[in-house]
Amino acid sequence: MYQGFYDLASNMITQNRNLNIISNNMSNVSTPGYKMDRMMESTFRDEILYRYDQNGKTAVGPISHMNVADERVTDYTEGGIRETGYPLDVGLTGDGFFVIETENGEVYTRNGSFNLNNQGYLILPGMGRVMGTNGPIQVDTDDLAIDTQGRITNADDGRYYGTLEIVDFADYAQLTKVTGGVFQAAEDPIAARNTVVTQKYLEDSNVNLAEQMTAMMSSQRVLQGSAQILRMYDQMISRSTTLGSPS
């Protein structure tokens with residue numbers, strides 16, 4: 001019976017963590033380039049169940065206890081690309097990330113909702129300066145033309161300002177999400193290939209709101225069910241303790 005307490009409590013903790021992940025996905029449904037997370041579950045302990053007969057001891061299979069949250073996995077599926085009409089919005093099609101220079105080093109994102117600071121540097125608001133192949137990109141106008149290779153020029157006279165640095169990674173598993181759709185990397189990036197840059201467009205989040213709502217309701221039902229059964233266990237143990245106590 002006490003094992004039931006452990007199993008139910010573990011399941012409730014797991015569902016709470018799952019709900020936190022789902023909530024974060026839903027709060028970022030409008031964040032350009034955001035990549036949703038999923039929770040992977042596993043068991044805390046496996047035991048082998050044996051069968052005994054005339055042939056001796058035979059392993060039937062493992063039985064598991066205590067369902068737990070194993071890890072958070074990011075889904076890097078590409079989101080749809082949407083026209084905004086704003087000249088500093090840039091969308092990516094294909095693999096790759098923009099490079100952003102922050103106070104704590106470079107980070108990587110699919111969020112191309114850029115702006116200009118008071119020094120004329122192209123920035124991702126709240127994060128840092130957008131990196132080009134030759135360093136941070138500085139311009140003297142917001143009337144820019146950006147081609148499919150990421151080359152940035154003056155829309156009037158064609159003056160060249162720089163080329164967006166677009167990178168990729170051999171192993172996405174080593175990326176760590178910092179916030180929203182921004183990642184840090186444990187390994188050095190490589191040059192992205194076959195990535196198309198589109199000005200006046202943004203990549204949407206890959207969060208499916210209907211799917212997340214369904215997952216949230218399912219997780220809430222499991223959590224509520226576990227809580228109800230846990231109360232029943234508590235009542236049963238209280239009764240057995242009362243009945244077993246000396247008069």
Pairing residues for Tyr172 by the ring-ring contact (aromatic ring centres under 6.0 Å, His included) criterion, not counting sequence neighbours: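 Residues passing ring-ring contact (aromatic ring centres under 6.0 Å, His included) with Tyr172: Tyr76, Phe97.
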Counterpart residues, ring-ring contact (aromatic ring centres under 6.0 Å, His included), relative to Tyr34 (two or more places apart):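 Not a single residue meets the ring-ring contact (aromatic ring centres under 6.0 Å, His included) criterion with Tyr34.
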Side chain to side chain contact (heavy atoms under 4.5 Å, CB included) involving Thr77 - partner list, sequence neighbours excluded: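 Counting only residues at least two positions away or on another chain, Thr77 forms a side chain to side chain contact (heavy atoms under 4.5 Å, CB included) with Asp75, Asn206.
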Arg151: partners by side chain to side chain contact (heavy atoms under 4.5 Å, CB included), with sequence neighbours left out: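 Counting only residues at least two positions away or on another chain, Arg151 forms a side chain to side chain contact (heavy atoms under 4.5 Å, CB included) with Asp147, Gln149, Tyr160, Thr163.
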Given the rule that I, L, V, M, F, W and Y join up when any side-chain heavy atoms are under 4.5 Å apart, are [X] and [Y] in one cluster?
{"X": "Leu116", "Y": "Met127", "answer": "yes"}
{"X": "Met131", "Y": "Phe169", "answer": "yes"}
{"X": "Tyr201", "Y": "Leu88", "answer": "no"}
{"X": "Tyr121", "Y": "Ile137", "answer": "no"}

Sequence neighbours excluded - side-chain hydrogen bond (donor to acceptor under 3.5 Å, both in side chains) pairs with any residue from residues 126-146: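 For residues 126-146: Glu101-Arg129, Asp140-Arg159, Asp140-Tyr161.
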Would you check if [X] and [Y] make a side-chain contact, meaning some heavy-atom pair closer than 4.5 Å?
{"X": "Tyr108", "Y": "Val99", "answer": "yes"}
{"X": "Asn194", "Y": "Asp95", "answer": "no"}
{"X": "Ile22", "Y": "Met26", "answer": "yes"}
{"X": "Ile21", "Y": "Arg38", "answer": "no"}
{"X": "Val130", "Y": "Val90", "answer": "no"}
{"X": "Asp168", "Y": "Thr195", "answer": "no"}

With rounding to the nearest 0.5 angstrom, report the [atom1] to [atom2] distance, [X] to [Y].
{"X": "Ile100", "Y": "Glu165", "atom1": "CD1", "atom2": "CD", "answer": "10.0 Å"}
{"X": "Lys35", "Y": "Glu78", "atom1": "NZ", "atom2": "CD", "answer": "6.5 Å"}
{"X": "Ser30", "Y": "Leu202", "atom1": "OG", "atom2": "CG", "answer": "11.5 Å"}
{"X": "Leu92", "Y": "Ile81", "atom1": "CG", "atom2": "CD1", "answer": "7.5 Å"}

Selection residues 106-123 - residue pairs positive for salt bridge (charged side-chain N to carboxylate O under 4.0 Å, His left out), sequence neighbours left out: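 As it turns out, the salt bridge (charged side-chain N to carboxylate O under 4.0 Å, His left out) pairs with a partner in residues 106-123, which skip direct neighbours, are Arg110-Glu203.
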Contact list for residues 113-126, test salt bridge (charged side-chain N to carboxylate O under 4.0 Å, His left out), sequence neighbours left out: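 Those involving residues 113-126 do not exist here.
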Tell me, please, which residues at least two apart from [X] pass side chain to side chain donor-acceptor pair (under 3.5 Å).
{"X": "Thr31", "result": "Asn28"}
{"X": "Thr153", "result": "none"}
{"X": "Thr198", "result": "none"}
{"X": "Thr84", "result": "Asp89"}

Side chain to side chain contact (heavy atoms under 4.5 Å, CB included) evaluation trace for Thr109 with Val107: CA-CA 7 Å; Thr109 184; Val107 295; over 6 Å; no
Nearest atoms (heavy-atom pairs only) where Pro32 meets Ser113: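 For Pro32 and Ser113, the tightest heavy-atom pair comes out as CG-CB, 4.3 Å.
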Shortest non-hydrogen contact from Gln199 toward Leu144: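 Taking Gln199 first and Leu144 second, the nearest heavy atoms are NE2-O, 2.8 Å.
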Donor-acceptor pairs under 3.5 angstrom involving side-chain atoms of residues 180-188: please list them, not counting sequence neighbours.
none

